[in-house]
Structures are given as structure tokens and as C-alpha cells.
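Each chain gets a letter, A, B and so on, in the order its sequence line appears, and its residues count up from 1. For clarity, every value in this text was computed on a predicted model and none was experimentally measured. Atom set for the values below is all heavy atoms of this structure, side chains included, hydrogens, waters and symmetry mates excluded.
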Amino acid sequence: MKGLGGEECGITGWALGTGGRILAWWEEERYPEGIKWKFLEHKGPVFAPPYEPLPENVKFYYDGKVMKLSTKAEEVATFFAKMLDHEYTTKEIFRKNFFKDWRKEMTSEEKSTITSLSKCDFTHMSQYFKAQSEARKQMSKEEKQKIKEENERLLKEYGYCVMDNHKERIANFKIEPPGLFRGRGNHPKMGMLKRRIMPEDIIINCSKDSKIPAPPPGHKWKEVRHDNKVTWLVSWTENIQGSIKYIMLNPSSRIKGEKDWQKYETARRLKKCVDKIRNQYREDWKSKEMKVRQRAVALYFIDKLALRAGNEKEEGETADTVGCCSLRVEHIKLHPELDGQEYVVEFDFLGKDSIRYYNKVPVEKRVFKNLQLFMENKQPEDDLFDRLNTSILNKHLQDLMEGLTAKVFRTYNASITLQQQLKELTNPDDNIPAKILSYNRANRAVAILCNHQRAPPKTFEKSMMNLQSKIDAKKEQLADARRELKSAKADAKVRRDEKSKKTVESKKKAVQRIEEQLMKLEVQATDREENKQIALGTSKLNYLDPRISVAWCKKWGIPIEKIYNKTQREKFAWAIDMAEEDYEF
DNA sequence: AATTGTACTTAGGATTATTCAG
DNA sequence: CTGAATAATCCTAAGTACAATT
């Protein structure tokens with residue numbers, strides 16, 4: 001193991017600074033471009049537990065008759081049985097894909113008997129699994145403790161690696177278990193069998209001079225390589241899309257954190273030239289070249305609406321979703337006038353994860369006229385920007401600023417919006433809960449911009465009612481406390497002794513306390529209502545320069561724990577350490 | 001210039017752990 | 001102490017980006 005300039009502490013492997021203090025990664029020297037590490041040692045992946053056949057008394061029925069399945073066919077059947085309550089299993093594509101793949105696992109006898117999925121009865125198997133999970137919940141404390149300890153042992157042994165001078169947490173050291181593919185939205189491959197990954201599928205990446213992880217007994221790795229130009233430790237190819245999956249490090253690691261930091265620095269560089277770029281694309285709306293006009297309008301959408309770039313996708317391989325460059329004519333409607341506004345564009349399309357993007361946006365007249373032009377003589381299913389793709393766009397952006405790509409606009413606009421909103425919404429006289437509400441509102445403005453949605457929690461209505469009744473109860477309690485205070489005051493006026501004065505004081509305090517509690521509840525209710533369909537986590541984790549939040553906390557004396565939970569604090573340790581209250585994005 | 005392959009970030013839902021009210 | 005609500009964590013799919021290849 002080699003140090004990066006500091007001395008090296010023999011036991012922990014941490015780099016030491018000049019004062020002998022342990023250096024955090026963000027205080028160390030960086031590697032030259034391209035090299036990701038010099039030393040990498042790990043224990044390899046943890047494989048999915050082997051299949052455990054069902055007990056004899058758990059039956060599968062075909063066409064009303066008990067049927068004993070071969071182990072392989074049974075395993076795949078259990079995948080379906082475990083999903084029986086899920087909407088997936090009612091979908092035609094899911095059922096068709098599942099059945100096709102299941103049949104591949106059957107013996108020839110099974111194949112000739114089982115010819116229709118609708119004649120399969122998995123309910124007994126399903127009940128068995130429900131009972132199992134119920135039993136797991138009912139386990140004694142000791143049993144639960146034992147499982148917890150086993151997990152911790154696994155984490156301790158396989159959950160960490162040594163990369164250069166640091167012991168780092170691995171994000172996903174467990175190999176994905178076999179199961180049925182759950183694509184999102186209207187995915188053509190939903191229900192297909194995700195096969196079991198074996199050591200023979202696995203490529204190990206580590207350094208030559210490290211202790212190479214041993215494959216499970218009787219097995220060997222597909223390959224062991226020593227590539228320090230990449231950050232992954234383990235990879236394999238999955239069978240649904242044929243794409244490569246990786247085991248990589250936790251967000252708290254140097255290699256992820258440094259990249260994250262760099263991402264925000266790139267966005268800050270965009271801040272310095274964004275005005276120029278905006279003027280440029282506005283000019284380009286008038287260009288003689290169609291290509292340039294399309295590029296300029298697309299960039300305007302990416303900037304103004306925080307749309308994703310929109311790479312091309314292979315048709316029929318994935319759900320039909322789009323981003324900016326892949327928008328089709330059918331995804332927008334042009335309204336010369338709508339609700340008293342001129343030149344309104346109505347967007348309606350499915351984006352990443354098949355989340356719907358719906359928005360009515362007034363745009364400049366030039367943009368509107370250009371869109372009309374782009375749509376001329378086209379069918380609904382034709383590309384809106386037929387002379388443009390993400391590669392062309394990104395090449396252009398690279399010319400405008402080094403390191404600039406389409407997604408930098410999302411990062412930039414998200415972070416700058418948070419900073420502005422915090423400035424605007426924070427009221428210095430507010431107490432801490434009210435300030436946190438303001439923070440959440442600023443966060444929410446970003447989530448809305450980025451269209452980060454969630455399904456409203458199943459229990460939303462109920463929990464809202466619960467909260468309301470809590471508020472009502474608190475209001476009554478407050479009224480009572482006020483009455484008591486009043487009578488205590490009257491009492492003190494008559495008696496004029498120390499004891500009754502003290503009573504008044506304590507009653508006053510009680511009223512104050514209850515007022516605060518009430519206010520906290522009301523704030524909570526507002527916050528929750530406004531958050532019904534909006535997911536704050538994604539922007540907080542991926543788009544908002546954490547130094548903005550850290551600075552805000554320092555400025556207003558808000559404990560950082562109120563904004564970031566433990567995991568988030570680990571991920572953003574660099575920002576928490578670095579940012580002062582005057583930090584500006 | 002289109003196509004393919006690789007490596008990485010971003011994403012919402014599912015599952016598990018913790019907290020809170022009764 | 002117990003069960004429901006809530007928060008945290010886990011999981012892995014689905015994007016972006018860019019290099020290599022045809």
C-alpha cells in the first residue's frame with residue numbers, strides 16, 4: 001500500500017497530514033485524470049443463497065390436480081407465487097414472458113403437461129410464503145438478534161474493501177438473486193426470468209499485488225483483471241438486457257465523493273457562463289440552419305424545464321420513454337393562446353422510470369414558431385428534433401464550456417434554485433421547525449422542477465386525518481391551559497403571595513410549550529400535504545450541492561441532523577467539513 | 001455517421017428498522 | 001409493551017455519456 005504524499009499509518013492505513021493528523025480524502029492530493037486507484041483489495045461478492053425446495057406439504061396444482069414439480073421448475077414457480085398479490089402478475093406481457101421462461105426450466109414431462117398458465121394454481125405456495133414472513137415477524141428477540149449478527153458478520157467480511165489508503169464501504173456486495181424481472185412502466189420484458197449468477201459469470205477487478213478473492217469451493221471466476229482505470233470491483237452480464245452490472249463503492253467513499261464534488265464544481269462553472277450560453281441559443285433560434293435551430297430549442301427546454309438529454313433507445317427492448325432530444329411530435333401540443341397566455345406548449349410524455357411529465361409552458365414567440373416549423377409535415381410518431389441527438393448536442397456543449405453536457409443544466413438549475421429559494425423563504429425570526437419547513441419548501445421547488453414524483457403513500461389520507469385530530473386535540477389542550485393561566489392570574493391578584501406568583505409563571509410556561517407544540521404540528525401538516533406526490537430525496541441526494549445546505553444550517557444555527565440523516569451525512573461528509581456559512585454556489 | 005459496448009449516475013418502490021401513541 | 005406510522009435503508013432498473021468499432 002502506498003501513501004499519496006502524507007506519511008502512512010501502519011495499522012489503519014490512513015494517510016497522515018503534516019501534523020500527524022489523519023487526513024480525510026478531500027484533503028489528499030488527487031490522482032491524474034483516468035487513474036482511479038493504485039491499490040485495490042476485496043473479498044469478492046456474496047452470492048445469493050441456494051434454492052431451498054418447498055416442504056412436501058406445500059402443493060402446486062395444475063388444472064385442479066396436485067402436481068409435484070422438479071426442483072428447477074419449482075424454484076421459478078415460487079418466484080411467481082411470491083408476486084401473486086402484485087399487479088404485475090395480472091399483466092398479459094408479464095404472464096406471457098414468465099410462462100415462456102418458466103417452460104424452459106421444466107422437464108419434458110412438465111412441459112407437456114403444463115401448457116397454460118391460467119390452469120396453474122400457486123395459491124397454496126403463496127400462502128406458505130405469507131405464513132413464512134408472518135413467522136419471521138413473530139420471531140423472538142433472540143432469533144432476530146441472531147439474524148442481525150449474521151448480517152453484521154457478512155457485512156464485516158464482505159462489505160468493505162481497501163482502496164489505496166482507505167478502508168471503504170462497498171455499496172452492493174451481494175449479487176442480485178434470481179427472480180422475475182420487474183421492469184418499470186410498460187416494459188416489454190417484464191416477467192422474464194432473471195437467472196442465477198454463478199462464480200463462472202463473475203469478473204473480479206483488483207490490484208495485482210492484492211490478495212485475490214477466492215471463488216467458492218469447486219468454482220472459478222470467469223476472469224480476474226487488474227484495471228485501475230475503472231472503479232468497479234466485480235461485474236457480470238445480466239440476461240434480460242445483456243447489460244453489465246457492477247459492484248461499486250458506497251457514496252461515502254473517496255472515489256464516489258470526489259466525483260460528486262467535481263460534478264458540483266462543473267455546475268458552478270456553468271453558473272459563470274450560463275448568461276452567455278443563453279444569449280447564444282436565443283440567437284440560434286434565428287439560424288438559417290435547421291440543425292442549429294433544433295439544437296437551440298432543445299437546449300432551451302433542457303435549461304428552462306430541466307428536461308433530461310433523451311438518448312435514443314432500442315425499440316422494443318425497453319418501455320417507451322423519452323427525454324428532450326427523443327421527444328416526438330405526439331408529445332407536445334401547441335396553443336397559440338391558452339387561458340389568457342400566448343404561445344403555450346403543452347408537454348405530455350413519459351420520462352425516466354415511466355414517470356409522466358405534464359406541463360403547460362408559455363414560451364417565446366420564436367420558440368413557438370420554430371416548433372411549428374419542426375412539426376410541419378410530420379406524423380405524431382416522428383421525432384420532433386429530427387436533426388438532433390444527444391451526441392450532437394453534447395458535442396456543441398463541449399465547445400461552449402469544457403466538461404459541459406446536458407445533465408449539468410439539471411444540476412446547475414437545481415442547485416441555484418435551492419440557493420435562491422432558501423434566500424427568499426427563510427425568515428430570520430422563525431423558530432427552527434418553521435425554518436426547516438422553509439428548507440423543505442425550497443427543496444420541494446427543486447423536486448417540482450426536476451419532476452421527481454412518488455406514488456402517494458397508501459396510508460396518506462388516513463395519516464393526514466390522524467394528524468388533523470392531533471392538531472384539534474392540541475388546540476383544546478391549549479384552550480384549557482389558557483383558562484388555567486387566566487384563573488391562576490386572577491388568583492395571584494387576590495392572594496399576592498409568592499406561591500401563586502410561581503403558579504402563574506409555570507402556567508405561562510405551559511401555555512407557551514403547548515403553543516409551540518401546536519405550531520410544530522401545524523407545520524408538519526402543511527409540509528406533508530404539500531409533499532403528497534413529490535419525492536424530495538432524489539434531488540437532495542443527486543442534484544443539490546450539499547454545501548448550500550450546510551452553509552444554510554450554519555448560518556441559521558440549524559443542527560445538520562435536521563436536514564441530513566446518518567447516511568446522507570456520510571455521503572456529504574466532505575461538504576459538511578468544508579462549507580462555511582458564507583458559501584455561495 | 002451509425003452502432004455497439006462500457007462505466008458510471010440517477011431513480012422510485014420494496015423492505016426493514018425505528019419511533020411514537022395508546 | 002405493542003402495533004401502527006414513519007423514516008431509513010436496500011434494491012436494482014433506467015438513465016447519461018463517451019469511447020471504440022464498423
Rounded to whole angstroms, how far apart are CZ on A/Phe173 and C1' on C/dT12?
-> 15 Å
Whole-Å gap separating C1' (C/dA7) and CD1 (A/Ile436) | 15 Å
Looking only at C/dT12, C/dC18, C/dA8, the nucleotide nearest the A/Asn565 side chain is C/dA8
Integer-rounded Å distance: C/dC18 C1' and A/Glu402 CD | 15 Å
Between C1' of C/dT16 and CG of A/Leu307, the distance in whole Å | 14 Å
Would you kindly give the CD1-to-C1' distance between A/Ile302 and C/dG15, to the nearest whole Å?
-> 14 Å
Give a yes/no verdict on a cation-pi contact between A/Arg30 and A/Trp261, requiring under 6.0 Å between NZ or CZ and the six-membered ring centre and an angle within 45° of the axis.
-> yes
Any donor and acceptor pair, going by atom type alone, linking the side chain of A/Asp201 with main-chain N or O of A/Ile197 inside 3.5 Å?
-> no
So, A/Lys291 and A/Glu289, do they make that salt bridge, N to O below 4.0 Å?
-> no
Value in whole Å for how far the P atom of B/dG13 lies from OH of A/Tyr88 = 10 Å
A/Lys313 side chain: which of C/dG15, C/dT9, C/dA13 is closest?
-> C/dG15
C/dT12 C1' sits how many Å from A/Arg196 CZ, rounded?
-> 17 Å
Assert: residue with more 5' nearest nucleotide on DNA chain C, out of A/Lys174 and A/Ala319, is A/Lys174
Check every strand shown and say whether A/Gly183 touches a base, only sugar-phosphate, or nothing at a heavy-atom separation below 4.0 Å.
-> sugar-phosphate
A/Lys313 and A/Thr321 side chains, donor-acceptor separation under 3.5 Å = yes
For A/Leu155 and B/dT16, what is the distance between atoms CG and C1' respectively, to the nearest whole Å?
-> 15 Å
Closest non-hydrogen contact found for A/Pro213 with A/Cys206 is CD-SG, 4.3 Å
Give a yes/no on whether any side-chain N or O of A/His86 is located under 4.0 angstrom from OP1 or OP2 of B/dG13.
-> no
The answer to which of A/Thr390 and A/Arg169 contacts DNA chain C further toward the 5' end, by nearest nucleotide, is A/Arg169
Just checking A/Pro251: base, sugar-phosphate only, or nothing, at a heavy-atom cut-off of under 4.0 Å?
-> nothing
B/S/- contact track for nucleotides 3-12 of chain B, protein heavy atom under 4.0 Å = ---SBBSBSB
Less than 4.0 Å between a side-chain N and a carboxylate O, is that true for A/Lys38 and A/Asp164?
-> no
Would you call A/Asp227-A/Lys229 a salt bridge at under 4.0 Å N-O?
-> no
Assign A/Gly310 to base, sugar-phosphate, or nothing according to its heavy-atom contacts below 4.0 angstrom with the strands shown.
-> sugar-phosphate
Could you tell me whether A/Lys144 contacts a base, only the sugar-phosphate backbone, or nothing, with contacts defined as non-hydrogen atoms closer than 4.0 Å?
-> nothing
Backbone of A/Ile240 reached by a side-chain donor or acceptor of A/Lys189 within 3.5 Å = yes
Any A/Asn311 side-chain N or O less than 4.0 Å from OP1/OP2 of C/dG15 | no
